[in-house]
Amino acid sequence: MKITLDIWRQKSRNEKGRFVRYELEEVSPEMSFLEMLDLLNTNLIKRGEDPVAFDHDCREGICGTCGMYVNGHPHGPVKSITTCHLSMREFKDGDTITVEPFRARSFPVIKDLVIDRMSLEHIQVAGGFISVKTGSAPEANTIPVPKKNADEAFDAASCIGCGACVAACKNASAMLFLSAKVSQMALLPHGKPEAKQRAREMVAAMDDMGFGRCSNTGACEAKCPKNIKITNIARLNREYYKAY
Amino acid sequence: MSKVLYSSISQKFIMALAGLFLITFLPVHLGINLLLLNSDPEPFNRAAKFMSDFPVIKIMEIVLFAAIMIHIIYGILLQIQNWIARPVRYKKSNRSETAPFSRFMIWTGGIIFIFLIIHFFNFYFIKLGLVEGDPYNFYDVAWQLFTNPLINIIYWVSFILLGFHLYHAFHSAFQTIGLNHRIWTPLIKGVAFIYAVIIPAGFSLIPLYIWIVSS
Ligand code: HEM
Ligand code: SF4
Ligand code: FES
């Protein structure tokens with residue numbers, strides 16, 4: 001397949017970036033999207049040019065680093081997958097693909113498609129944990145947890161911190177991410193003792209990081225690769241009100 | 001403690017409460033206005049007089065103005081913060097998954113605000129003595145006003161945009177105050193749709209009826 005790429009190139013944090021077009025002739029539909037970028041970079045290196053920087057680690061949808069904005073969608077046009085799971089089968093011969101970094105004031109571009117996601121880290125550090133050692137797993141029935149809570153907590157815990165919710169949101173709000181981090185704790189007995197402090201501190205950290213405010217648009221839920229639901233955002237709001 | 005007053009969630013909470021109050025006010029306002037369709041001016045004028053004299057309603061009027069101001073101020077504040085949160089825009093961006101009317105809240109809201117000013121000039125300012133007219137006969141004021149096609153068009157357009165605002169606002173407010181439920185939320189969205197159609201339709205009917213009958 002022949003693919004034209006319109007990619008954001010930016011040398012460093014403080015330099016102005018711009019879109020650059022590249023033609024790729026020998027793209028196979030069997031390639032993953034990232035392999036296609038690898039091919040581009042091999043070509044660029046052969047030509048003595050600077051390869052396109054992009055984040056990736058696991059390439060199996062669990063590390064959350066590979067997020068980029070592909071043709072107007074975080075992680076590309078296919079629902080419920082990360083960019084590393086995006087296949088070139090989704091594109092046609094002759095397509096032009098626009099590739100941009102996730103855009104938010106809280107996600108400054110480091111280089112090309114690589115963004116600084118420390119802002120999410122700061123939110124997590126503000127309270128997304130239990131501050132005492134909980135030891136090894138106790139006998140399963142000593143602390144009863146309703147099945148529904150266990151399932152919902154597990155679903156919330158599947159958030160990989162990729163930031164696609166922020167990228168998708170017209171307000172660049174991190175509420176879906178934060179709601180997942182608060183919910184996974186709020187739903188389980190271990191999280192209860194520190195629930196109030198957690199809600200207060202994590203919301204304050206989110207605001208400090210310069211994310212936008214939630215308008216309940218639903219875009220985050222639609223674009224989350226892990227199908228985190230906005231019911232978690234309503235729960236986060238409740239947890240926050242209960243904390244005061 | 002001071003953090004709670006400025007936090008993003010608190011701002012949205014206050015805004016949602018003010019908005020929900022306005023949502024309860026609109027059907028009351030519409031109910032009274034529908035008396036304008038009666039060929040006898042008496043019932044409407046009596047209701048209007050009751051609304052301006054009864055002490056409890058006087059207090060509600062203050063609450064109403066406060067709610068409008070709070071809602072607008074917080075709305076603008078939130079919107080500015082949201083614009084700042086994404087300084088560099090996407091070149092190619094797909095918004096098909098964003099609830100359609102949620103994108104235009106500041107614009108539909110802004111037009112409602114301009115409409116409110118016009119609306120106050122048409123009616124409320126007469127009561128305050130700022131604009132000429134008979135404050136004891138709003139029936140005639142309305143029947144006079146809506147013979148003007150331009151005024152009619154301004155009112156209809158504003159009501160349609162109000163409907164757009166209300167459709168997203170109604171269910172968004174429930175989510176903001178923390179209510180999201182497997183069964184209730186789809187129901188709330190249904191009610192939001194009905195409300196967002198019926199309220200503007202009801203309000204539009206009045207100038208339309210007066211205009212047709214008078215011409
Ligand atoms: C007068 C001018 C108005 C302005 C400038 C305005 C502005 C806004 C804005 C910008 C939002 C979206 C906030 C967000 O992004 O989450 C909003 C939401 C809302 N509006 Fe308005 N609005 C106005 C009038 C009204 C009226 C007349 C009503 C009701 C009768 C109303 C009810 C609501 C409600 C309930 C919400 C939802 C709050 C939430 O999302 O939690 N607004 N308004
Ligand atoms: S909520 Fe979804 S989109 Fe947001 S960071 Fe977590 S996994 Fe990514
Ligand atoms: S590279 Fe790890 S999630 Fe895509």
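Naming convention: chains lettered A, B, ... in sequence-line order (proteins, then strands); numbering from 1 in each chain. Because the structure is predicted, anything quoted here is derived from the model rather than measured.
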Select, from A:Met206, A:Lys223, A:Glu221, A:Glu239, the one with the greatest count of heavy-atom pairs under 4.5 Å involving chain B.
A:Lys223
Report yes or no: does B:Tyr155 contribute a side-chain atom to a donor-acceptor pair with the main-chain N or O of B:Phe146 at less than 3.5 Å?
no
Applying the side-chain contact (heavy atoms from CB on, under 4.5 Å) criterion to A:Val182, which one of A:Asn237, A:Leu236, A:Ile233, A:Val203 satisfies it?
A:Leu236
At a heavy-atom separation under 4.5 Å, does A:Pro77 approach chain B through its side chain, its backbone, both, or neither?
neither
Near-ring test A:Phe211/A:Phe177, centroid separation under 6.0 angstrom:
no
Answer yes or no: is there a side-chain heavy-atom contact under 4.5 Å between A:Val166 and A:Ser106?
no
Any side-chain to backbone donor/acceptor pair from B:His168 onto A:Ser215? Under 3.5 Å, distance only.
yes
Under 4.5 Å, counting heavy-atom pairs only, tell me which of A:Tyr240, A:Tyr69, A:Phe19 racks up the most with chain B.
A:Tyr69
Whatever's closer than 4.5 Å to a heavy atom in chain B on A:Thr98 counts as side chain
Could you tell me whether A:Glu121 and A:Arg117 have a side-chain N and a carboxylate O separated by less than 4.0 Å?
no
Mind checking whether A:Cys159 and A:Lys226 have side chains closer than 4.5 Å, heavy atoms only?
no
Okay, A:Asp207 and chain B: the region with an atom under 4.5 Å from a heavy atom over there is side chain
Counting heavy-atom pairs under 4.5 Å with chain A, which one of B:Arg86, B:Arg89, B:Arg182, B:Gln11 comes out on top?
B:Arg86
Looking at chain A, which one of B:Lys91, B:Arg103, B:His171 has the largest number of heavy-atom pairs inside 4.5 Å, strictly under?
B:Lys91
Chain B contact via A:Lys79 - side chain, backbone, both or neither, heavy atoms under 4.5 Å
side chain
Under 4.5 Å from a heavy atom of chain B, the part of A:Ala167 involved
both
Against chain B, work out which of A:Met175, A:Arg235, A:Arg200, A:Arg238 has the most heavy-atom pairs shorter than 4.5 Å and name it.
A:Arg238
Please state whether the side chain, the backbone, both or neither of A:Cys220 comes within less than 4.5 Å of a heavy atom of chain B.
neither
At their closest point, which heavy atom of A:Cys214 faces which heavy atom of A:Asn171, and how far apart are they?
C-ND2, 4.2 Å
Choice from B:Trp83, B:Phe101, B:Phe13 maximising heavy atom contacts with chain A below 4.5 Å:
B:Phe13
Heavy-atom cut-off 4.5 Å, strictly under: side chain, backbone, both or neither for B:Arg95 against chain A?
side chain
Counting heavy-atom pairs under 4.5 Å with chain A, which one of B:Ser10, B:Ser96, B:Ala85 comes out on top?
B:Ala85
Specify whether B:Phe121 and B:Phe125 have parallel, tilted or perpendicular ring planes, treating 30° as the upper limit for parallel and 60° as the lower limit for perpendicular.
perpendicular
